[in-house]
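Scroll down for the structure; my scribbles are underneath it.
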Amino acid sequence: MLPELVGTLRAGLGVQHKRDIQSAARAFADLRGGPWGRATVRLGDDTAAIPDGEGYLLLAAEGMSPDLVAREPRFAGYCAVMVNANDVYAMGGRPLAIVDALFATDDAAADPLWRGMSDAAARFGVPIVGGHTNLHSPYPALAAAVLGRAKRLVTSFDARPGDVLLAAVDLRGEMHGRHPFWNASLEAPPERLRADYELLPALAEAGLVAAGKDISMGGLVGTALMLLESSGVGATMALEAIPRPAGVDWDRWLLAFPSYGFLLSIGATNAASVQELFAARGISAAVIGQVDGTRRLTLTAGGQRALFWDLAETPLTGFGSRRAPS
């Protein structure tokens, strides 16, 4: 069972599309870790973290899938805001504002995109403050960027051998149609949703979490690979420990993008406290693995072990750490 599952996961489009990022890694090789004043901005994280006073400005952008924009424009508009907010919270920050770049054939085609973005902005409490609009495009397209701020960072670069991997996912939702998307956002009360996200910067500021990512396209396995690659480490991950909704098969779940899902690398002594904080908000959180120095991601299930990916042999994004794991 496990070898077949590993093959399916490796071939998943979400995971393979992460390899597209290697193009950016090659293009910006000379800028990687480049200077910002006296500090550096490390490339390959969920957002750029720009030193600013006693904290950091967080800057990120997301483009929506052309297929999603064409088939479900209102949902695409919603996702443009949601995924950007997720990236900021994953860094231990709070989103401040969104700008967009919207292309459509006319005003009627743009309307559902606007409504989706407006719905999400109200739900997350993040204003849309500007952008670019073109209603004379031969096709619809949408991208958005976010500005946030963090007092203390959660990064992709600080997972260490000996840490445990903790997955936190809101299972109060359902799969969204044919898309690999677990929707626990659209029906959540806005006040509860915002308080659930506020837990991420609170954990960072309390010093309980230093490394992690939001679970995005590529699912949990793709996200784990990006975290391990950035930190220059490896891990063993136990499938049976992963929070999973009833009725969703492993091959679909491990490649799904949950609207609220985070993979955190935590010192073992902090794991129980972090789990309790998520549980108090009704969010499923479990220790699912252990970080090591191998630069390999190994999966276990039912007494079996299988190598999922060897980052030393096959980079994923190309934004791997230059340091040797400690």
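A pairwise comparison of heavy atoms in Ser259 and Tyr197 identifies O-OH, 2.9 Å as the closest pair. Nearest heavy-atom pair across Val164 and Ala271 is CG2-CB, 3.9 Å. Minimum interatomic distance between Pro258 and Val169 (heavy atoms only, all atoms of both residues): CB-CG1, 4.0 Å. The minimum heavy-atom distance linking Thr294 with Gly234 is given by the pair OG1-CA, 3.7 Å. Across Leu193 and Ala188, no two heavy atoms sit closer than the pair CD1-CB, 4.2 Å.
Listed for the Ser230 side chain is no donor-acceptor partner under 3.5 Å among the backbone atoms of Phe157. At least one donor-acceptor pair closer than 3.5 Å links the side chain of Asn84 to the backbone N or O of Ala80. A donor-acceptor contact shorter than 3.5 Å is absent between the side chain of Glu174 and the backbone of Trp182. A donor-acceptor contact shorter than 3.5 Å is absent between the side chain of Trp253 and the backbone of Pro245. Panel note: side chain Ser231, backbone Ala159; a donor-acceptor pair is recorded below 3.5 Å. Checked by atom type and distance alone, the side chain of Asp249 never pairs as donor or acceptor with a backbone atom of Arg252 at under 3.5 Å. Between the Gln290 side chain and the Gly162 main chain, a donor and an acceptor come within less than 3.5 Å of each other. Counting only distance, with no hydrogens or angles, the side chain of Ser118 and the backbone of Trp114 share no donor-acceptor pair below 3.5 Å.
In Arg296, the CZ atom is not crowded: 12 or fewer heavy atoms of neighbouring residues, nucleotides or ligands sit closer than 6.0 Å. With a 6.0 Å radius and a threshold of 12 heavy atoms from other residues, nucleotides or ligands, His136 has its NE2 atom at or below the threshold. When the shell of 6.0 Å around CZ of Arg192 is examined, it contains more than 12 heavy atoms from other residues, nucleotides or ligands.
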Practice task
Given side-chain contact (heavy atoms from CB on, under 4.5 Å), test Ser216 with Met226 step by step and report yes or no.
Solution key: CA-CA 11 Å; Ser216 59; Met226 289 190 291; 4.2 Å; yes
Handout entry: Full working for salt bridge (Lys or Arg N to Asp or Glu O under 4.0 Å) between Asp196 and Arg172
Key = CA-CA 12 Å; Asp196 289 345; Arg172 297 167 293 190; 3.3 Å; yes
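Taking 4.5 Å as the limit, every side-chain heavy atom of Leu165 sits out of range of all side-chain heavy atoms of Leu264.
Ring pair Phe181/Phe75 is perpendicular by interplanar angle, where above 60° counts as perpendicular and below 30° as parallel.
Remark: Pro180 engages Met217 in a side-chain contact (heavy atoms from CB on, under 4.5 Å) (not counting sequence neighbours). A search for side-chain contact (heavy atoms from CB on, under 4.5 Å) contacts involving Asp163 returns Arg160, Ser265, Val291, not counting sequence neighbours.
No donor-acceptor contact under 3.5 angstrom links the side chains of Asn183 and Ser185, judged on distance only. In this model, a donor atom of one side chain and an acceptor atom of the other lie less than 3.5 Å apart for Thr155 and Asp158. Using a 3.5 Å distance cut-off with no hydrogens or angles, the side chains of Asn86 and Tyr260 do not pair a donor with an acceptor.
Put simply, CG on Asn134 and CG on Leu102 are 8.5 Å apart, with the number rounded to the nearest 0.5 Å. Atoms OH and CZ, from Tyr89 and Arg194 in turn, are 8.5 Å apart once rounded to the nearest 0.5 Å.
If you run side-chain contact (heavy atoms from CB on, under 4.5 Å) between Trp250 and each of Ile242, Thr8, Leu2, only Ile242 comes through. Checking Thr298, Leu5, Val6 one by one against Phe308, the side-chain contact (heavy atoms from CB on, under 4.5 Å) holds for a single residue, Val6.
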Side chains of residues 44-65: which donor-acceptor partners sit under 3.5 Å, not counting sequence neighbours?
{"from": "Asp45", "atom 1": "OD1", "to": "Ser156", "atom 2": "N", "distance (Å)": "3.2"}
{"from": "Asp45", "atom 1": "OD1", "to": "Ser156", "atom 2": "OG", "distance (Å)": "2.7"}
{"from": "Asp45", "atom 1": "OD2", "to": "Ser156", "atom 2": "N", "distance (Å)": "3.2"}
{"from": "Asp52", "atom 1": "OD2", "to": "Arg149", "atom 2": "NH1", "distance (Å)": "2.7"}
{"from": "Asp52", "atom 1": "OD2", "to": "Arg149", "atom 2": "NH2", "distance (Å)": "3.3"}
{"from": "Ser65", "atom 1": "OG", "to": "Asp67", "atom 2": "N", "distance (Å)": "3.3"}

